[in-house]
Amino acid sequence: MPIEAYNDKVVLVSPENPDTKVSVLLYGATVTSWTIEGKQQLWLSSAAKLDGTKPVRGGIPLVFPVFGKSKADGFADLPQHGFARNSTWEFLGQTKENPPTAQFALSPEQANKDFYSKWDNGTNDFTLLLTIQLSPDSLTTTIEVSNTDSKSWKFNWLFHTYLAVNDIDDTLVNNLPGETCYDQLLAETYEEKAPAIDFNGELDRIYKNVSCDKLLQVIELGKVVHNIERHNLPDVVVWNPWTEKSAGMADFEPKTGFHKMVCIEPGHVHDFVTLEPGESWTASQVIKKGDAIKLQAI
Ligand code: TA6
């Protein structure tokens, strides 16, 4: 049975292996679990709220219409990371048997009213269409943002992906040397000089306009554990909360969990995307297994 629909979630199961599956909570259309032959690929806090009382801490939360907090007119009162991750999406159904593929939608009718009203005073007609495809060794999440309004509006998009690692101390992220980075902790912009990103404290960086030809890889002890392909997502946020930030998040458990995760977050966040009436914008991330280290020059 390639798809199991429950009242609060949908589970896609690979016809190739019953232990390759992905679970999507309708709240936030949040991927909360993705296994390849039984091995969990994502990190989920053991204290993550899955009851719709707050955005899920882990998996793949969806960030729209704003990344972080913004002082821009029409965005300043939105909650951090917008309202897509704390609204209940509609499950539209399975669109493909193999590889199992499902679609979810959000529009003003389903959006969290309090938060939606904080975006341009709740005046923007929009449709979000999320497509999730489960292949034997990869997961593809695709978003289509459509302006169904008679006026233009603007937005950010980001997949806030929490990838599982065995130990952050052994983890590197490659192919970012030479890229321009805004360091959220230093409030500084600089060119990345390190041959690979390593982690020995809180790290919160927005790499801007990174060519989508660049494959991002999470490497542990010389082995690739995750490959991340991006389509139409020029920016990449890399985040690990480390000790203090983890301690300050009630839903981040265990407190040592930062050793088991790294956020690699493809998005369009360095500026807003503007959609004219009737226009749509489509982007996707493909997270896949794969052993070969692929070093790409600047
Ligand atoms: O993506 C990194 C980030 O913007 C960090 O600054 C941190 O705030 C993280 O998102 C988690 O945000 P949240 O609102 O989910 O606690």
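Since the structure is predicted, the reported quantities are computational estimates derived from the model, not experimental observations.
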**Message:** Could you report the tightest heavy-atom contact between Arg230 and Ser211, atom names first, then the distance?
**Reply:** NH2-O, 2.6 Å
**Item:** Pair Glu279, Asn147: side-chain N/O donor-acceptor within cut-off below 3.5 Å
**Value:** no
**Message:** With ring pair (Phe, Tyr, Trp, His ring centres under 6.0 Å) as the rule and sequence neighbours excluded, what pairs involving residues 189-213 come up?
**Reply:** none
**Message:** Suppose the criterion is salt bridge (charged side-chain N to carboxylate O under 4.0 Å, His left out): which pairs have a residue in residues 133-154, not counting sequence neighbours?
**Reply:** Asp149-Lys151
Validation: residues 91-103 side-chain donor-acceptor distances under 3.5 Å, sequence neighbours left out:
unit_1, atom_1, unit_2, atom_2, d
Gln94, NE2, Lys96, O, 2.8
Lys96, NZ, Gln133, OE1, 3.4
Thr101, OG1, Pro99, O, 2.8
Thr101, OG1, Gln133, OE1, 3.4
Gln103, NE2, Thr131, OG1, 2.9

**Message:** Strictly below 4.0 Å, N to O, side chains only: are Lys208 and Glu179 in salt-bridge contact?
**Reply:** no
**Message:** Looking only at side-chain N and O atoms, does Asn166 offer a donor or acceptor that is under 3.5 Å from a partner on Glu220?
**Reply:** no
**Message:** Quiz question: by atom type and distance under 3.5 Å, do the side chains of Glu109 and Ser107 form a donor-acceptor pair?
**Reply:** yes
**Request:** May I ask you to decide if the ring planes of Tyr116 and Trp119 are parallel, tilted or perpendicular, using 30° and 60° as cut-offs?
**Result:** perpendicular
**Asked** Given the rule that I, L, V, M, F, W and Y join up when any side-chain heavy atoms are under 4.5 Å apart, are Tyr27 and Ile60 in one cluster?
**Response** no
**Fill in**
All heavy atoms of Leu134 vs all of Ser14, minimum pair found to be CD2-N, 3.6 Å
**Asked** Are Trp242 and Ile264 grouped together when hydrophobic residues (ILVMFWY) are joined by side-chain heavy atoms under 4.5 angstrom apart?
**Response** yes
**Message:** Is the terminal nitrogen or CZ of Lys9 (NZ for Lys, CZ for Arg) located under 6.0 angstrom from the six-membered ring centre of Tyr6 and within 45° of that ring's axis?
**Reply:** yes
**Item:** Minimal non-hydrogen separation, Ser152 against Pro277, with atom names
**Value:** N-CD, 3.9 Å
**Item:** Side-chain H-bond candidate by donor/acceptor type, Ser146 with Ser280, under 3.5 Å
**Value:** yes
**Prompt:** Does a side-chain heavy-atom distance below 4.5 Å link Pro177 with Lys193?
**Reply:** no
**Item:** Residues which pass ring pair (Phe, Tyr, Trp, His ring centres under 6.0 Å) with Phe252, listed by chain and number, not counting sequence neighbours
**Value:** Trp43
**Request:** If you link ILVMFWY side chains whenever their heavy atoms are less than 4.5 Å apart, which other residues fall into the same cluster as Phe67? By chain and number, please.
**Result:** Val63, Leu158, Tyr182, Ile206, Val237, Val269
**Item:** Plane angle bin for Phe126 and Phe83 - parallel if under 30°, tilted between 30 and 60°, otherwise perpendicular
**Value:** tilted
**Prompt:** Thinking salt bridges, do Asp167 and Lys260 make one under a 4.0 Å N-O criterion?
**Reply:** no
**Request:** Under the ring pair (Phe, Tyr, Trp, His ring centres under 6.0 Å) rule, collect the residues that match up with Phe272, sequence neighbours excluded.
**Result:** Phe75
**With Glu192 via salt bridge (charged side-chain N to carboxylate O under 4.0 Å, His left out) - residues at least two apart** = Arg205
**Fill in**
Glu37 meets the salt bridge (charged side-chain N to carboxylate O under 4.0 Å, His left out) criterion, sequence neighbours left out, with none
**Prompt:** Can you check side-chain contact (heavy atoms from CB on, under 4.5 Å) on Thr189 and Thr180, steps first, answer last?
**Reply:** CA-CA 7 Å; Thr189 296; Thr180 300; 3.6 Å; yes
**Fill in**
One should read off an interatomic distance between Asp170 CG and Leu221 CG, to the nearest 0.5 angstrom, of 4.0 Å
**Item:** Reported OG-to-CG distance for the pair Ser33 and Leu44, which is rounded to 0.5 angstrom
**Value:** 8.0 Å
**Fill in**
Here the gap from Leu26 atom CG to Ser87 atom OG, rounded to the nearest 0.5 Å, amounts to 12.5 Å
**Message:** If hydrophobic clusters are built by linking Ile, Leu, Val, Met, Phe, Trp and Tyr wherever their side-chain heavy atoms come under 4.5 Å apart, do Leu215 and Val236 end up in the same one?
**Reply:** no
**Message:** With salt bridge (charged side-chain N to carboxylate O under 4.0 Å, His left out) as the rule and sequence neighbours excluded, what pairs involving residues 71-94 come up?
**Reply:** none
**Prompt:** Are Leu139 and Ile132 side-chain neighbours, meaning at least one heavy-atom pair lies under 4.5 Å?
**Reply:** yes
**Message:** Between Leu12 and Val56, is there shared hydrophobic-cluster membership here, with clusters defined by ILVMFWY side-chain heavy atoms closer than 4.5 Å?
**Reply:** no
**Prompt:** Does the side chain of Asn121 come under 3.5 Å of the side chain of Thr123 through a donor N or O and an acceptor N or O?
**Reply:** no
**Request:** Could you pull out all residues at least two apart from Glu202 that satisfy salt bridge (charged side-chain N to carboxylate O under 4.0 Å, His left out)?
**Result:** Lys245
**Request:** Decide if atom CD of Glu276 counts as having more than 12 heavy atoms of other residues, nucleotides or ligands within a radius under 6.0 Å.
**Result:** yes
**Item:** Asp120: salt bridge (charged side-chain N to carboxylate O under 4.0 Å, His left out) partners, not counting sequence neighbours
**Value:** none
**Complete:** Those residues at least two apart in sequence (or on a different chain) that pass ring pair (Phe, Tyr, Trp, His ring centres under 6.0 Å) with His231 are none
**Asked** Can a donor-acceptor pair be found between the side chains of Glu253 and Ser46 at a distance below 3.5 Å?
**Response** no
**Prompt:** Any side-chain donor-acceptor pair under 3.5 Å between Thr88 and Gln110?
**Reply:** no
